[in-house]
Peer 1: 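Could you have a look at this structure, given as structure tokens, before my questions?
Within every chain, numbering begins at 1; the chains are lettered A, B, ... in the order of the sequence lines, protein sequences first and strands thereafter. Not measured: the values here are computed from a predicted model.
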Number of protein chains: 2
Amino acid sequence: MPHLSPFEWLGDALRIIDQTALPLEERYIVCRTAEDVADAIKSMKVRGAPAIGCVAAFGMVLAAKTALAKIRCRHEMFDELMRAKETLASTRPTAVNLFWALDRMTKVVTRCGTNLDELISELESEAIAIAREDVEANMRMGMYGASLIPERANILTHCNAGALATAGYGTALGVIRAAHEQGKKVHVWVDETRPFLQGARLTAWELQRDGIPFTLISDNVAGMLMRSKMVDLVIVGADRIAANGDVANKIGTYSLAVLARHHGIPFYVAAPTSTIDLSCHSGDEIPIEQRDGEEVRTILGARIVPADVPAFNPAFDVTPHELVEAIITERGIIKPPFEEGLKNILLIQ
Amino acid sequence: MPHLSPFEWLGDALRIIDQTALPLEERYIVCRTAEDVADAIKSMKVRGAPAIGCVAAFGMVLAAKTALAKIRCRHEMFDELMRAKETLASTRPTAVNLFWALDRMTKVVTRCGTNLDELISELESEAIAIAREDVEANMRMGMYGASLIPERANILTHCNAGALATAGYGTALGVIRAAHEQGKKVHVWVDETRPFLQGARLTAWELQRDGIPFTLISDNVAGMLMRSKMVDLVIVGADRIAANGDVANKIGTYSLAVLARHHGIPFYVAAPTSTIDLSCHSGDEIPIEQRDGEEVRTILGARIVPADVPAFNPAFDVTPHELVEAIITERGIIKPPFEEGLKNILLIQ
């Protein structure tokens, strides 16, 4: 079975598996414009920090290709691409990989100037490289991270930091996959991750496909499991890591980190270096996306409470670095003090 | 508006609001036999520790009334009632109020002997007394508990410990109601309480009816709110309190208690003395109900993951007494050391 990827580049379009329909339905959408890609990100048909970065990069390629038909002079290409970048950048604010990928694409635009054939070809190569490098990073992260997993381990993870959240293989799930592939006896506690149920719908689906033992739980069960000594470690992905090691990740991550600390259980974060944002000194500076309360008042579109019930729906929270045991990247494992470790790892070529 | 109660005694039947249909539908069921009542408890059409005790008591009255038609001699009444008691007792294992109420009813049976008219009349009086005393206890609990609520407070509660969980007024929500009635500016964070959504469906509905300000959140948001200093106290109900003060309550309660401790936020438990079980020395001895994994794989009957996904669904967890700031009862507030306080409060007449 080839590695699962949430998207496939078709040369003039991007095919995306609709993650809002999983696991009950495997439905695909085809994005032909940057706007299509932006809509897919905004509606969470594709989600996960590294995956968002990858598809946004392909969104820039689509913008360049579709622009060809409408621009009257070569200079208009630049405007079109900057508009597309704006559209793609405005979809979701928290995951920094989005901006990181768009910056890489912008550098290509700047470098190529107005030679349109070269520009399009270079943009396409860069997007393909971003996706390929992401899978490679995850495989390396898996190798590094697996060294932290005991021979037998009950692992709790949150949300989906799997193949579906990346170009393939996954960050936190990549580490779990690598440990499993090495023959370690891992069992995963998959929390459902309300409100969007990425754990129940996506992580469980991935683990079931790979034959990795797991059990689904409500988010409320984590504390009780830890107190019963049924969790050996917690591993999650990240949407943005500040310079001091504070980690923004799916809402509920912080609660798990506090619970893990209370029970003396290590709490690991697995993320590619593209998730590190040294321009944010601490987690306080990371913008946290607020989503529609309707996601809380409904579940997969089915209403559970009336529409006039007030609801608060932050999509992410920040886990302070003090609660993080180690950050696993494709360049190695960073342990505290994170400030130094994060800075140094970005200097490695 | 009269106080909301989840059941109404009709003399020869018990009318129950179907809590699985709330808040989108106000549907009622009528129980005419002890089996009807047992089914309503098992299927969680009526839930909440004190409410279960009350309706089980009426179940015994219904058992006595329906037995009249089939028994051939007065002695068979005793067998019928013991069978009914068995049926009612086997519905749910964790909430001790159920067994406490059935014991009160059994004492009436023992006292009355075989005078059937007297027996039925006394059983009915006892069930009515249990329900009346529960409301009175909640009102007193509210009065005591409100003294712990600041003039302005953001209060986090879990599950539903409201009117619907009792004969009326509520335990944890009773304290919040009392504070609100005293003019205190309270705002309640209502967590949805997966898998059964008692917070979203029942607590939000009660607070909205009463005009008490609240906001619905996913269970995952609690930690982030506490870290942001948006929670002043946590208050929950209880299904059983062990002699040492350990508290069994809805799954997820323990996580909230750990989070509250981490943030220096007081964690209160409000429960009538009928919830105290001195025969359990610690929480380890409290039986924890395991419910069908299908409740996790579905939400209100709608499937979110395939039926073959393994799921773990404990209905309750245990919060060790060290994490509890105070236990609010109808006889006063108990502070640590709980062992002594709980024993003493049961001696008060």
Side-chain angles (χ1 to χ4, degrees), chain A residues 23-24 158 189-195 197 200-201 204-205 208 213-228 250-259 261-263 288 293 295-297 299-306 308-314 316-320, chain B residues 23-24 158 189-195 197 200-201 204-205 208 213-228 250-259 261-263 288 293 295-297 299-306 308-314 316-320:
Chain A
L24 300 179
H158 187 57
W189 295 108
V190 176
D191 70 18
E192 64 173 8
T193 319
R194 272 283 281 156
L197 300 169
R201 297 190 301 103
W205 184 73
Q208 203 164 28
F214 74 96
T215 306
L216 177 64
I217 52 170
S218 299
D219 300 308
N220 282 319
V221 181
M224 173 266 174
L225 283 179
M226 292 190 196
R227 183 161 183 260
S228 309
K250 181 53 53 197
I251 187 75
T253 301
Y254 171 62
S255 296
L256 291 177
V258 171
L259 287 167
R261 173 58 53 93
H262 182 84
H263 295 89
I288 299 296
E295 285 182 359
V296 185
R297 290 185 293 262
I299 297 186
L300 302 185
R303 180 157 300 288
I304 54 172
V305 297
D308 64 348
V309 166
F312 176 56
N313 186 20
F316 303 94
D317 60 25
V318 171
T319 298
Chain B
L24 300 180
H158 187 57
W189 294 107
V190 176
D191 70 18
E192 64 173 8
T193 319
R194 272 284 283 157
L197 301 169
R201 297 190 301 104
W205 184 73
Q208 204 164 27
F214 73 97
T215 306
L216 177 65
I217 52 170
S218 299
D219 300 308
N220 282 319
V221 181
M224 172 266 175
L225 282 179
M226 292 190 195
R227 184 161 183 260
S228 308
K250 181 54 52 196
I251 188 75
T253 301
Y254 171 62
S255 296
L256 291 177
V258 171
L259 287 167
R261 172 58 51 94
H262 183 84
H263 295 88
I288 299 296
E295 285 182 0
V296 185
R297 290 186 292 263
I299 296 185
L300 302 185
R303 180 157 300 289
I304 54 171
V305 298
D308 64 349
V309 165
F312 176 56
N313 186 20
F316 303 94
D317 60 26
V318 171
T319 298

Peer 1: Determine the option with the most heavy-atom pairs under 4.5 angstrom with chain A, choosing from B:Gly252, B:Pro310, B:Gly223.
Peer 2: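 Counting heavy-atom pairs under 4.5 Å, the top option is B:Pro310.
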
Peer 1: Can you tell me which portion of B:Leu225 sits under 4.5 Å from chain A's heavy atoms? Options are side chain, backbone, both or neither.
Peer 2: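 Side chain only.
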
Peer 1: Given that the side chain runs from C-beta out, which part of B:Ala200 has a heavy atom under 4.5 Å from chain A: side chain, backbone, both or neither?
Peer 2: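 Both backbone and side chain of B:Ala200 come within 4.5 Å of chain A.
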
Peer 1: If you round to the nearest 0.5 Å, how far is CD1 of A:Ile251 from CG of B:Asn220?
Peer 2: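 Here the rounded value is 7.0 Å.
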
Peer 1: Which atoms of B:Ile217 are under 4.5 Å from chain A, going by heavy atoms: the side chain, the backbone, both sets, or neither?
Peer 2: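 For B:Ile217, backbone and side chain are both near chain A.
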
Peer 1: Given that the side chain runs from C-beta out, which part of B:Arg303 has a heavy atom under 4.5 Å from chain A: side chain, backbone, both or neither?
Peer 2: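 Both parts, backbone and side chain.
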
Peer 1: Can you list the residues that meet the ring pair (Phe, Tyr, Trp, His ring centres under 6.0 Å) rule with A:Phe214, with sequence neighbours excluded?
Peer 2: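 With neighbours one apart ignored, the set is empty.
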
Peer 1: Quick one: does A:Val221's side chain get under 4.5 Å of B:Pro314's, heavy atoms only?
Peer 2: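 Side-chain contact under 4.5 Å: yes.
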
Peer 1: Mind checking side-chain hydrogen bond (donor to acceptor under 3.5 Å, both in side chains) for A:Arg194 and listing every partner two or more places apart, or none if nothing turns up?
Peer 2: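 Counting only residues at least two positions away or on another chain, A:Arg194 forms a side-chain hydrogen bond (donor to acceptor under 3.5 Å, both in side chains) with B:Glu192.
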
Peer 1: What are the two closest non-hydrogen atoms of B:Val309 and A:Ala204, and how far apart are they?
Peer 2: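 Residues B:Val309 and A:Ala204, closest heavy atoms: CG1-CB, 4.5 Å.
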
Peer 1: If I measure from the heavy atoms of chain A, does B:Val190 come under 4.5 Å with its side chain, its backbone, both, or neither?
Peer 2: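 Neither part.
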
Peer 1: CG/B:Leu24 to CD1/A:Ile304 distance, rounded to the nearest 0.5 angstrom?
Peer 2: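 Interatomic distance, B:Leu24 CG to A:Ile304 CD1, rounded to 0.5 Å: 8.5 Å.
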
Peer 1: Between B:Asp317, B:Ile299, B:Val318, B:Leu197, which has the largest tally of heavy atom pairs under 4.5 Å with chain A?
Peer 2: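 Highest number of pairs under 4.5 Å: B:Ile299.
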
Peer 1: Nearest 0.5 Å please: distance from the OH atom of A:Tyr254 over to the NE2 atom of B:His262.
Peer 2: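 With rounding to 0.5 Å, OH (A:Tyr254) is 4.0 Å from NE2 (B:His262).
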
Peer 1: Can you tell me how the ring of B:Trp189 sits relative to the ring of A:Phe312, calling it parallel under 30°, perpendicular over 60° and tilted otherwise?
Peer 2: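 Geometry flag for A:Phe312 against B:Trp189: tilted rings.
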
Peer 1: If you count heavy-atom pairs under 4.5 Å with chain A, which of B:Val258, B:Thr319, B:Asn313 comes out on top?
Peer 2: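 Ranked by contacts with chain A, first place is B:Val258.
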
Peer 1: Drop me the distance from B:Met224's CE to A:Ser255's OG, to the nearest 0.5 angstrom.
Peer 2: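 Result: 10.5 Å between the selected atoms.
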
Peer 1: Any idea which of B:Asp191, B:Leu256, B:Leu259 has the most non-hydrogen atom pairs under 4.5 angstrom with chain A?
Peer 2: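 That would be B:Leu259.
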
Peer 1: Based on non-hydrogen pairs under 4.5 Å, which of B:Lys250, B:His158, B:Arg261 is most in contact with chain A?
Peer 2: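 If we count pairs closer than 4.5 Å to chain A, B:His158 comes out on top.
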
Peer 1: At a 4.5 Å cut-off on heavy atoms, which part of B:Leu300 comes close to chain A: side chain, backbone, both, or neither?
Peer 2: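 Contact with chain A: side chain only.
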
Peer 1: Below 4.5 Å, heavy atoms only, C-beta onward: do A:Asp308 and B:Gln208 meet side chain to side chain?
Peer 2: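 The answer is yes, as the side chains (C-beta and beyond) meet within the 4.5 Å cut-off.
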
